[in-house]
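Written out below as structure tokens is the structure these notes cover.
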Amino acid sequence: MHTKLLITRREAGLMLTGLVASAARPARAEKQPAKPHKLRASPRNVSLRGKDLPPTEIWNLDDGGDFFTAQVGEECVIEVQNGINLPLSLHFHGARAMPNAMDGVGGLTQESIPFGGTFTYRFTPQETGTWLIRPCVIGHTSELAGRGLTRLLMVEDPRQPLTNGGFQLIIDDWLLADSQLAPFAKNTKGRLGNLLTINNHPVPLDVEANATGGGFQSGDNQFGGRHLVRIANACNARSFRVRFDRMKAFVVAIDGQPTEAFEPLRASLPFSPGNRYDILIELPEDGPDAAITALLGSEIQLATFKARPRNAMLTTEIPQPEPNPLLPQAIRLQDALRVDVPIHAFFGKRKESRPDPAAPDMWALGITATSGSPQEDKPLFSVKSGRPVVLTVNNNTRIPQPIHIHGHSFRVLHSFDDGWDPYWKDTQLVPAEATMRIAFIAGSPGKWLIASTICEHFDSGLWGWFEVS
């Protein structure tokens, strides 16, 4: 697919997510009720493999749009109608300080939406961010996500600086049999697709972008056109690296939270299900097209970018994001509640009797497998709002595990509590047979999920919750 971006000043105002801290807004004389975003989950035929090939029936939210926006300090209302034959709820990866009842965990924070039913999510974002909307129903997430029920929500602040334009890229993979989705059988190993798409379109996505304004010079190479790329991993189970070829790329936000702008090492980044990056890119004016490439053993071009001629002066200045004032500059680790959270795989049957000997019968987060109703289970731990928490996540399995904490952002700690990575995250890949420690400040009261973002592992028990009072 070829996309041409014709940018007016307003269209250029797809603003840098998480680059400028939130601040109090002046009171308004009259505040109009928030206009709801209406999302209906329903089947839809999409040309995942190309317009000349048979379409694939997927499940879609609303009319096929890939993203929508909300404003800092303004109420956001999302009405979700379930037009599919499975229970549904939607979680917002990146949302902090929202009411726990709006976190969207079917079976824990809300009753799942039945077929034909409606649920209204209502919250007021306090900070900018790129949020990935993803299904989250305990025991039933794999098929919901594997059929395509994902969107991006960009929380913006009108006072943010503009770029030349913006691109929203939701990367997904699909397991197809001929032109249709393969059956969704129980799969505790993880459903890996055989087709990659961006925004439900075949790859590579060809993008022609204005190169007006911004730009800088590096050695003999001239770059024009500063653009913000918001990129999210919506795959059920696939983790990989993305590489930025023949362009200048600067990370300005990770999982929706601003970070001091930096160039990725070897121009590539790790990318697990649920991860989001905001990347400020500078496009070359001539030579081969710039590209974003997935590294999956083989290299797969996800998107190519061709810059149009520049008509502005070069500058070397890269805007530095302001830190989020709602997150502390430091965490008082000496005051932290410390909790061990082991990851286990359970093999109940004899290896030779299992359909896939490498697939466990179930997963668990904590000492024992989660059993019974989550409302009746005890939390992994309880903590008062405002207290620091340090989790020691010990992955006792041979599979890397991306772990997501709902409603919170955390720091990845270095060994011996002697520092932490210089950015906030909400999803972290824990390597196989390895231990990582993460620290955060307990936030809004309620029951908050800790879970694998590999949907099949989540469905098979790799989750738990903690209580904030």
Side-chain angles (χ1 to χ4, degrees), residues 7 12-23 67 69-70 72 93-94 96 125 127-132 152-171 207 209 211 213-216 218 223-233 241-245 247-272 274-283 290 292 302-303 305 307 315-327 329 409-412 420-428:
I7 299 177
L14 288 173
M15 303 170 189
L16 295 180
T17 299
L19 298 190
V20 173
S22 304
F67 65 92
T69 62
V72 168
H93 285 248
R96 294 188 336 109
E127 55 195 28
T128 58
T130 298
W131 297 3
L132 177 64
L152 276 187
L153 172 60
M154 282 132 13
V155 182
E156 300 175 336
D157 190 323
R159 296 161 296 178
Q160 291 180 348
L162 302 181
T163 61
N164 288 346
F167 307 92
Q168 301 76 33
L169 308 180
I170 304 176
I171 300 176
V207 180
F216 68 96
S218 175
F223 294 82
R226 184 169 293 166
H227 302 271
L228 182 70
V229 176
R230 312 171 202 258
I231 184 170
N233 185 339
R241 295 188 72 87
V242 287
R243 191 180 66 207
F244 303 90
D245 298 326
M247 67 173 75
K248 280 286 185 178
F250 299 86
V251 180
V252 293
I254 299 176
D255 290 347
Q257 292 297 334
T259 181
E260 184 176 345
F262 67 91
E263 293 188 66
L265 183 65
R266 298 186 180 89
S268 71
L269 292 166
F271 204 36
S272 296
N275 274 148
R276 291 95 59 215
Y277 292 103
D278 291 5
I279 310 292
L280 201 61
I281 65 170
E282 299 277 3
L283 300 177
I292 298 178
L302 300 174
F305 299 85
T315 174
T316 59
E317 183 178 355
I318 296 297
Q320 289 295 330
E322 294 288 338
N324 184 350
L326 301 182
L327 288 170
Q329 293 185 354
S409 294
F410 56 77
R411 296 278 202 181
V412 178
W420 45 67
D421 288 350
Y423 36 75
W424 295 90
K425 305 185 70 177
D426 60 40
T427 302
Q428 175 63 36

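Starting from 1, each residue takes its place in the sequence as its number. The basis for the numbers below is simple: all heavy atoms, side chains too, and nothing from hydrogens, waters or symmetry mates.
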### Query
Are any non-hydrogen side-chain atoms of Thr69 and Leu153 less than 4.5 angstrom apart?
no
If I compare all heavy atoms of [X] with all of [Y], which pair ends up nearest, and what's the gap?
{"X": "Pro264", "Y": "Ala249", "result": "CD-O, 3.3 Å"}
{"X": "Ala261", "Y": "Val252", "result": "CB-CG1, 4.0 Å"}
{"X": "Ile281", "Y": "Met247", "result": "CG2-SD, 3.6 Å"}
{"X": "Ser409", "Y": "Leu327", "result": "CB-CD1, 4.4 Å"}

#### Entry: For Trp131, all residues meeting ring-ring contact (aromatic ring centres under 6.0 Å, His included), sequence neighbours excluded
Phe123
### Message
List the residues meeting ring-ring contact (aromatic ring centres under 6.0 Å, His included) with Phe271, not counting sequence neighbours, and say none if there are none.
### Response
Phe240, Tyr277
### Query
With Glu260, which residues qualify under salt bridge (Lys or Arg N to Asp or Glu O under 4.0 Å), at least two apart?
none
#### Entry: Check against side-chain contact (heavy atoms from CB on, under 4.5 Å), Phe410 and Gln428
CA-CA 9 Å; Phe410 56 77; Gln428 175 63 36; 3.7 Å; yes
### Task
Name all residues meeting the side chain to side chain donor-acceptor pair (under 3.5 Å) criterion together with Arg96; count only those two or more places apart in sequence or in a different chain, and write none if there are none.
Glu127
#### Entry: Residue list, side chain to side chain donor-acceptor pair (under 3.5 Å) with Ser272, at least two apart or on another chain
Ser239
### Message
Once side-chain contact (heavy atoms from CB on, under 4.5 Å) is applied, do any residues pair with Asp255, and if so which ones, sequence neighbours excluded?
### Response
Asn275, Arg276, Lys425, Asp426, Thr427
[atom1] of [X] to [atom2] of [Y]: how many Å apart, nearest 0.5 Å?
{"X": "Gln168", "Y": "Leu228", "atom1": "CD", "atom2": "CG", "value": "8.0 Å"}
{"X": "Trp424", "Y": "Gln257", "atom1": "CH2", "atom2": "CD", "value": "8.5 Å"}
{"X": "Thr130", "Y": "Asp278", "atom1": "OG1", "atom2": "CG", "value": "3.5 Å"}
{"X": "Leu152", "Y": "Phe67", "atom1": "CG", "atom2": "CZ", "value": "8.5 Å"}

### Message
Which residue is it: Val242, Leu169, Val251? I am looking for the one with a side chain to side chain contact (heavy atoms under 4.5 Å, CB included) to Ile279.
### Response
Val251
### Query
Pick from Ile171, Asp245, Val207, Val229: which one makes a side chain to side chain contact (heavy atoms under 4.5 Å, CB included) with Ile292?
Val229
### Query
Using 30° and 60° as the class limits, which term best fits the ring planes of Phe262 and Tyr423: parallel, tilted or perpendicular?
parallel
### Query
Okay, side chain of Arg411, backbone of Trp420: is any donor-acceptor separation there less than 3.5 Å?
no
